[in-house]
Structures are given as C-alpha cells and as structure tokens.
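What follows is a single structure, written as structure tokens, with notes after it.
First the proteins, then the strands, lettered A, B, ... as listed; each starts at 1.
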Number of protein chains: 2
Amino acid sequence: MAIKMHIDPAQEPSATQRAYLAIRRMILIGELAPGEKLKIEKLRTILEMGGSPIREALTLLVSDLLVERLDQRGFRTAEISPSNFAEILNLRCHLEEMALRESLSAADHAWEDRLVISHHRMMREPRANVERFEELHKAFHMNLLSACHSPVLLKFCNQLYDLNIRYRYLAGRALNYSSRDIGKEHTDIMNAAVDRDADTACRLLLDHYRNTGAFLEKHFTTEAAE
Amino acid sequence: MAIKMHIDPAQEPSATQRAYLAIRRMILIGELAPGEKLKIEKLRTILEMGGSPIREALTLLVSDLLVERLDQRGFRTAEISPSNFAEILNLRCHLEEMALRESLSAADHAWEDRLVISHHRMMREPRANVERFEELHKAFHMNLLSACHSPVLLKFCNQLYDLNIRYRYLAGRALNYSSRDIGKEHTDIMNAAVDRDADTACRLLLDHYRNTGAFLEKHFTTEAAE
DNA sequence: ATGCCAAATAATATCGATATTCTATGACCT
DNA sequence: AGGTCATAGAATATCGATATTATTTGGCAT
C-alpha cells in the first residue's frame, strides 16, 4: 500500500531516538541510580523494542558521559562523586562564561526575543511541576548562549548542563532554596544580557551557578555524614 | 563445541572497537572525504563484519563530531569549513590553556617522566612516517595536560585535538613548515612545563597552535582560490 | 573450613533476515 | 516542455536467533 501513514509526528519515528530520550530521562531524574547496571533484556521489556536500538541509544549516552561502557561486560550509568560534581561546576563556569561573552557580542534581535520568551515561560511554570520546570530552566540558560557562533562550545555547555542537572535531581526535594530568590537571579541575568553588559551578566551567571553548587555540595556532605 | 579459541589477544577483542578505530583512522587521514556518505554495506565488506558493530562504531564517532547522523538516512562524515576550523582552534587554545595550568599545578614526578619520554620518542621518529609521528605528537601534547585532575576537560581536549588533526591531514603534504623549527618549539614548551612556568608554557603552546593554525588557514584560502 | 578449579547459568556481542523508509526513474497530465 | 505522481530500486533501521564471553555455583583437594 502506498498510503503514507503520516502518523503522529509527535512521537519520534526512530526507536533509537525514543530509547535515547527515555533512558536519558531515567538517568537524569535518578530513576536509574548512579552506577546501576543497565541490562539490555530489562530495558527491552520496559521500552518494548529489540536490542539494537537499545544498544545504539546507550552508545550515544556514553558520549554524553551519562553511561559507561565496560569492556565486554555491558553498560552501566555513570558514577557520581563530589570531585566529579566540582569538576562539572568548574568547567561549566569557564565554558559558559566564554559562550555568554561570544553570544552577547553577536546577539541580535531574534536572540533577544528567544531569551525573553523563554524567561517568561520559565517564570510562569509552577515549581511543583519539576520536570517541566527543569526543561524550561535549561531552555532559558541555553538561550542565553544561543547567539554564540560556536556549535561545539554550545554542545559542551549542553552536555555539562545535563551532567549537572543530574546532581540536582539526586539532591532531590531537600532543595527549597529557602534563602534565595531564584526568580530574581534569573531576571537580573536576563536584564544584564539584554543590556549587552557582558561583565555583569557573567558575574551574575557564575554567582548563580556557584551558589547552587555550594548548596548542593553542602547537601552531599550532610548526606554522607548521616 | 566447547573449545575456547583464545586467538590473538593483540587484536582488539570486540568488533565494535576494531570498527571504531578503523573508521576513525580513515576519517582522520582523509581516506574518507568530508561529507562522504558512509554506507553500511560498503563498510561491512571492507571491515568484514556484520552491520551491528559498524552502526555502533559510527554512533560512537557521532559523539566525537567526526560523523553526522542524518535523521533516517544513515551516516556521513562531518563536513569541514573554515569557520569550523577557526572554532576548533579557538576552543583548543582556551581549553588547553586551562588544562595545562591545572596540570602544571598538580604535576608530579610520574608526569614529568611521561612527558620527557613522549618528547624523546616524538623527536626520534622520522617525520616521513606521518601516521606514526602524528600519534607520538598527540601523545606528547596530551601528556602535557595529563596531570590535570579533570577527566572531562581532558576528554574535550582529546576530541578537539582529533578534529584539528583532520585538517592537518587534509592540507596534506603541502605542509613543510619551512620557516619554522617545530622541534625547537616542542622542546621549549617542554622545558617551560618542567620548570612549572605556567605563563611561559601557555604562551609557547598557544603560539605553537596559532602559528600552525594561521599556516593551515592560508593553505585553505589558497586552495579555495585556485 | 578455605581456596581453587570446572561446569552451569546468565548476559553480552554479533550475525543474517525482514520490514520500513528514502531516493531515483519514468510515465502521465497540463 | 515542464512538472507531478506513482512505481521500482536501494539503503536504512530493526528484529530474533546464535555464538561468545563473563559470572556464579558447586564440588574437590588441601
């Protein structure tokens, strides 16, 4: 039959892509614990597909540093550690500053629109809706950098963002940021960016990251001491 | 049959790994041209294995930015462009400086040994033996950074190095560096590093990269004008 | 009892075949 | 003649089965 079943375009066409997104999500939100063995057979039954797309998705996740491949003994989720967390945070600060400066110096009208819209959406989303909020939060931060003409740098920032978000989820609901006004921090960053004030924007952005970082780190050490 | 064929242990055990290394090499040295379609069937016959390891190797190369995956239309080698080249060079300068400073501040005795040895081997290798020399050249540069306690940063540097080396191969034998003494440049960098003089080492390293970069860029524009 | 070796078990890695999807060719209509 | 649509061909993506390789279990000797 020649009828093209333009089915639901919403659902990703390739099984590999579906598997990639599903497994990635499970790792990020902690549904799959750090260091957990990823058995093909188990994932097959969960995702209802053959082994090939699973393996391909896992291979993609290896390069995202979310999954480790063990010689000939399959896959497992990446381990976490305080030193890894500190490394991610430090790298993020360096690379995002670089990207933000490039982005601001090349920023155009379309960039400004994207930024304002993503900021608005993030502020409107209830914090209770964790996954959705995190998605919008990431979109805002990536849009800050999006005018930067360096795709590789953006890819690195994206990866590092995901690696970091994992620690936030693992810290879990303990995070209430009671003493901080996260909304205001974002708004200040956006305003500095819109003003093309690179120095201020970078300072605010890095403070934003480092504060959250210090908060999470404290949380981990508390956990470990318990 | 229960006979264990402990074949040659020297050859990589997994077909995926062999495919990965073989295809990567072909891309780096330009045997597979930029933008070229990578047909599974063709690679299957060349590498004499099934489609699965090929696909997995290609997927690994996607994350190295050496291969692009097109929605549902297979794989092709990454395109090259002057802007991509400039981006790689710029990123490399930033990240390697960061890594080199961290490396020097954490450098120990074993690091120094590795560095001296790899420098020695590189200097002894005849330049005519291109692939072997490039291997040793990479080893030297990576050893410079190897005391840095940031695995992710090292991974990025490694990736960027490979992306850059591809341009060198593509420029090909036109490169004779007539006006430069590459050997001396390396030796000077090593000496500054061994002295733990981070400022000098960084300056020399970045000059080294930027000079080669300017050289290659000139080569490309000449090519394009022909 | 403890440590080591061998068989059994489980999981991975790989292959060959099939179904789906893209691409190119050529007929048909305007 | 030019463009569009259907068909044929090629290539990919995916599945199910098999061979290989790691891991565990249980027996044996010390």
Just to verify, what does A:S83 make a side-chain hydrogen bond (donor to acceptor under 3.5 Å, both in side chains) with, not counting sequence neighbours? A:S81

For A:H141, what residues pass the ring-ring contact (aromatic ring centres under 6.0 Å, His included) criterion, not counting sequence neighbours? A:H137, A:H186, A:H208, A:Y209

Nucleotides 13-17 of chain D: which of its N/O atoms have a protein N/O under 3.5 Å away?
from, atom 1, to, atom 2, distance (Å)
D:dA13, OP1, B:G74, N, 3.4
D:dA13, OP2, B:R55, NH1, 2.5
D:dA13, OP2, B:R55, NH2, 3.1
D:dT14, OP1, A:A15, N, 2.3
D:dT14, OP2, A:T16, OG1, 2.7
D:dC15, OP1, A:G50, N, 3.3
D:dC15, OP2, A:G50, N, 2.6
D:dC15, N4, A:S52, OG, 3.2

With sequence neighbours left out, write down each residue that passes side-chain hydrogen bond (donor to acceptor under 3.5 Å, both in side chains) with B:E102, or none if nothing qualifies. none

Can you see if the side chain of B:K42 gets near the phosphate of D:dA11 - specifically, an N or O under 4.0 Å from OP1 or OP2? no

C:dA10, OP1 or OP2 - any side-chain N/O from A:K39 closer than 4.0 Å? no

Residues in side chain to side chain contact (heavy atoms under 4.5 Å, CB included) with B:V62, at least two apart? B:V67, B:R69, B:F75

So B:I165 and B:K138, do their side chains get closer than 4.5 Å, heavy atoms only? no

Separation of B:R76 atom CZ from D:dA11 atom C1', in whole Å? 13 Å

Expressed in angstrom and rounded to an integer, what is the separation of B:E41 atom CD from D:dT12 atom C1'? 11 Å

Could you give the CG-to-P distance, from A:L38 to C:dT12, as a whole number of Å? 9 Å

Which pairs pass side-chain hydrogen bond (donor to acceptor under 3.5 Å, both in side chains) with one or both residues in residues 105-120 of chain B, sequence neighbours excluded? B:E112-B:R196, B:R114-B:S146, B:S118-B:N143, B:H119-B:T187

Angle separating the five-pair end axes of the helix from C:dA1-D:dT30 to C:dT30-D:dA1, nearest 10°, is 10°

I'd like to check the side chain to side chain contact (heavy atoms under 4.5 Å, CB included) partners of B:T77; sequence neighbours left out, ordered by chain and number. B:I27, B:L32, B:E36, B:L38, B:R166

Can you measure B:L43 atom CG to D:dA11 atom C1' for me and round it to whole angstrom units? 13 Å

How would you list, by chain and number, every residue that makes a side-chain hydrogen bond (donor to acceptor under 3.5 Å, both in side chains) with B:R101, sequence neighbours excluded? B:E97, B:D199

